[in-house]
Amino acid sequence: MAFWKPGTVAPGSSIDRDTVNQESAGGGAPAVTGRIERIAVSERRGRLPIAKQRDALLYLLERHPVVVLQSPTGTGKSTQLPQFLLEAGWAKDGKCIAVTQPRRVAAISVAQRVAEEVGCILGEEVGYSVRFEALCTPETKVLYLTDGMLFREILLDPLLSRYSVVMVDEAHERSSYTDLLLGVLKKIRRVRPELRIVISSATIEAQEFVDFFNRTTPSSSHPNSGLKPGEDVHAPPPAKKSRWDKKEKEEPKLDEAVMVRLEGKAFPVEIAYLEEPTSDIVMKVVETVFDIHLKHPVGDILVFLTGRDEIDRCLQQIADYQHRLPQGAPLIKAFPLHSGLSTESQIAVFEPPSPRTRKVIVSTNIAEASVTIDGIKFVVDSGLVKLRSFDPVTGMDALVTTPCSLASLAQRAGRAGRTSPGKCFRLFPATALKALLPTTPPEITRSDISLLVLQLKSLGIQNILRFDWMTSPSSTMLERALEFLYCLGALDEEGKLTRPLGVRMAELPIDPMMSKILLDSHSFGCSDEILTVAAMTSVQNVFILDDGDSIRGELERRKFTVEEGDHLTALNAYNAFIKHGRKSSKWCHNHRLNFKALSRALSIRTQLSKYLKRFDIPIISCGSDHAKIRRCLTSGYFRNAAVAQPDGTYKSVREGALLHVHPSSVYFTRTPPSSFVIFHEVIETTKRFMREVTAIEQDWLVELAGHYYQFRETKR
DNA sequence: TAGGGTTTT
């Protein structure tokens with residue numbers, strides 16, 4: 001989520017949840033700072049909590065291969081520790097210190113900040129590397145990168161031999177790539193004992209990382225092992241014993257990984273709870289917001305709700321309620337914040353309010369970690385979040401409103417204490433806490449892991465079931481991924497990568513179904529078009545839905561509509577963008593298209609076309625013969641096939657599951673030209689919705705995917 | 001018939 005262009009800092013936001021001062025973090029490539037600024041930098045660095053522990057940290061890293069930093073926000077760990085390491089000589093002899101971040105924006109802006117403190121030009125001694133954007137040289141000594149980017153580098157250099165230290169920052173977020181990285185780093189350690197690993201994690205989760213590096217045998221899920229016995233009021237479900245647990249006893253080498261606690265700089269946040277649960281969360285939010293507004297004179301309010309619909313209703317009710325305020329009372333200016341907004345609407349959140357006006361930001365989970373807004377004094381927390389989960393049996397995703405974990409609640413409350421003492425109003429009774437999980441289940445246990453499995457295979461890790469996962473995906477999840485990759489032709493009967501298909505699929509940064517389609521697309525005579533379709537299906541929110549004018553948006557979208565379905569409609573929109581709007585965000589705005597998303601699709605398409613060239617796959621256009629594209633899509637999306645029912649609903653071909661067309665599909669308002677369709681994915685919210693739907697012929701399914709349905713039959 | 005939490009290669 002980029003709210004600002006790289007090279008600038010968003011107004012009122014901060015980079016690292018650490019100390020950032022606006023003047024010095026501001027735009028452009030930093031020049032070499034003068035002597036006076038250098039002194040100021042060194043004083044500011046010296047005041048950070050981590051400065052006191054500099055020598056202790058360096059000593060521990062000499063002695064221990066793995067150091068876990070348990071650190072609340074505001075310690076300066078992301079900016080300072082890499083500098084300590086640099087000063088202590090860990091980047092001598094051409095070696096480099098890598099620091100991973102789960103998000104692009106963080107990798108870029110922290111690198112900027114550190115380059116400035118070090119007094120170098122960004123991209124030289126200190127640099128960054130994220131997809132489509134890198135500013136570094138082979139001589140770079142401190143490199144900030146996304147965790148996905150470092151994982152990709154392992155595919156090229158399996159021992160990460162150019163790095164002396166790898167610091168995994170924000171590890172508690174447990175992104176899938178962070179988890180993969182941890183497993184592989186532990187493996188690399190055995191071959192490269194001199195490699196140093198630093199894991200930085202928020203408070204609750206830190207012990208889990210120590211345990212992970214100190215255990216000698218892989219073990220299955222320990223989702224909640226971060227609690228000390230005395231704190232364990234929320235008993236976790238018993239960890240499942242995996243088959244290898246029974247064979248071998250754990251023998252922890254206790255000095256492998258050590259933990260260091262760092263003091264934060266956060267201000268205290270007082271927490272308040274409701275006495276009774278509420279049945280109308282939006283109304284309770286509005287009441288609480290106005291209660292704060294009338295009782296407390298200053299300070300902005302951050303509200304956490306679950307989704308766009310709730311946020312819009314909340315804003316509407318705040319506007320209604322505002323009319324009832326006593327005359328002369330200060331006003332409220334409320335802003336929505338979620339990922340579907342246009343860039344302009346997102347930036348509005350950072351602007352200071354007019355005098356005598358209080359800012360209220362009504363946000364999804366995006367404000368929990370991805371976006372930091374300064375000046376928040378009050379947090380109003382619904383205690384709920386929408387979490388995605390993947391069902392390996394049906395192959396479908398669900399997006400379900402769930403109570404937050406305790407870690408999540410703590411993180412949200414902390415948003416009120418960044419600049420002064422704050423207060424957090426949790427809109428549920430305190431008694432509900434004991435039913436909550438300590439931490440959110442890692443992403444890797446809730447997602448389709450086919451691509452990750454493919455990439456691990458490509459690293460030469462043959463036995464995926466015995467990989468040392470920090471938290472193992474369920475065996476159903478693993479088995480399904482293996483079975484599906486076999487059906488796609490990426491794995492052979494022994495589970496080895498096929499050549500060249502499987503090897504190439506592991507390299508491509510797109511969904512395995514789509515990568516199979518792309519790699520075969522020349523034989524269908526439409527690789528040019530499939531490149532675009534693949535790029536378009538890997539970006540979200542191409543059609544803008546915000547600003548309340550949904551009818552206009554709908555009318556604009558219909559201008560691109562193609563009868564054959566959503567994939568070809570996306571192709572159409574992309575081609576129009578290239579023709580008219582590539583350099584004009586105005587053209588996009590007029591047609592309710594997301595300029596940023598389409599520009600990203602362009603970058604992805606360019607990247608994918610480079611892969612095709614390297615694989616010697618010719619880029620051929622099918623012209624106006626769109627049936628070729630639909631046939632080609634069928635060859636990879638065969639698992640996702642459905643057939644229309646007389647009542648307008650669909651049944652999946654594979655299991656006969658009831659499916660609905662998502663309202664964003666062109667087939668929501670018109671009937672497809674044939675009764676069979678393929679779709680990109682199913683998301684279950686209020687119903688099971690098919691997204692990105694394209695009409696196909698039944699014969700194609702038999703011709704191009706007969707093997708899959710036969711395979712499924714014989715297994716039963 | 002009426003809807004999408006967030007992130008990444």
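Residue numbering restarts at 1 for every chain, and letters A, B, ... go by the order of the sequence lines.
Spacing between atom CD of Gln607(A) and atom P of dT8(B) amounts to 14 Å, rounded to whole angstrom units. Whole-Å rounding puts the Leu659(A) CG to dG3(B) P distance at 16 Å. One atom, CG of Leu150(A), and another, P of dT8(B), lie 16 Å apart when rounded to the nearest Å. When rounded to the nearest whole Å, the span between CZ of Phe668(A) and P of dA2(B) equals 6 Å. Rounded to an integer number of Å, the gap from Leu399(A) CG to dG3(B) P is 13 Å. Residue Gln540(A) contributes atom CD, which lies 9 Å from atom P of dT7(B) at whole-angstrom precision. Between Asp179(A) atom CG and dT9(B) atom C1' the separation is 16 Å, expressed in whole Å. Between the CD atom of Glu692(A) and the P atom of dG3(B) there is a distance of 18 Å, given to the nearest Å.
Residues Asn594(A) and Arg600(A) bring no donor and acceptor atom of their side chains to less than 3.5 Å of each other. Under the 3.5 Å distance criterion, with hydrogens and angles disregarded, no donor-acceptor pair is assigned to the side chains of Thr394(A) and Arg688(A). Checked by atom type, the side-chain pair Tyr177(A)/Gln455(A) shows a donor-acceptor distance below 3.5 Å. Side chains of Thr146(A) and Gln101(A): a donor-acceptor N/O pair is absent below 3.5 angstrom, by distance only.
Counting any heavy atom pair closer than 4.0 Å across all strands shown, Gly307(A) reaches sugar-phosphate atoms only and no base atom. Within 4.0 Å (heavy atoms only), Ser175(A) reaches no atom of the nucleic acid at all. Residue contacts for Val661(A): at a heavy-atom cut-off of 4.0 Å it reaches no nucleic acid atom on any strand shown. Residue Phe689(A) is in sugar-phosphate contact alone, with no base atom involved, counting any heavy-atom pair closer than 4.0 Å across all strands shown.
The side chain of Thr685(A) lies closest to dG3(B), out of dT9(B), dG3(B), dT7(B). For Pro663(A), the listed nucleotide lying nearest its side chain is dA2(B); candidates were dT8(B), dG5(B), dA2(B). Nearest nucleotide to the side chain of Thr364(A), out of dG5(B), dT7(B), dT9(B): dG5(B). Side-chain atoms of Pro509(A) lie closest to dT9(B) of the nucleotides dT7(B), dG3(B), dT9(B).
For dT7(B), the OP1/OP2 oxygens have no side-chain nitrogen or oxygen of Ser176(A) closer than 4.0 Å. Between dG5(B) and Ser339(A), no contact under 4.0 Å exists linking OP1 or OP2 to a side-chain N or O. The phosphate of dT9(B) (OP1 or OP2) has a side-chain N or O of Arg104(A) nearer than 4.0 angstrom.
Under the 30°/60° scheme for interplanar angles, the aromatic rings of Phe615(A) and Tyr611(A) are found to be tilted. Ring geometry, His567(A) versus His680(A): the interplanar angle exceeds 60°, so the pair is classed perpendicular (tilted spans 30 to 60°).
The nearest heavy atom of DNA chain B to Lys687(A) and to Asp309(A) marks one nucleotide each, and the one closer to the 5' end goes with Lys687(A). If you find the closest nucleotide of DNA chain B to Tyr667(A) and to Leu508(A), the one lying nearer the 5' end belongs to Tyr667(A).
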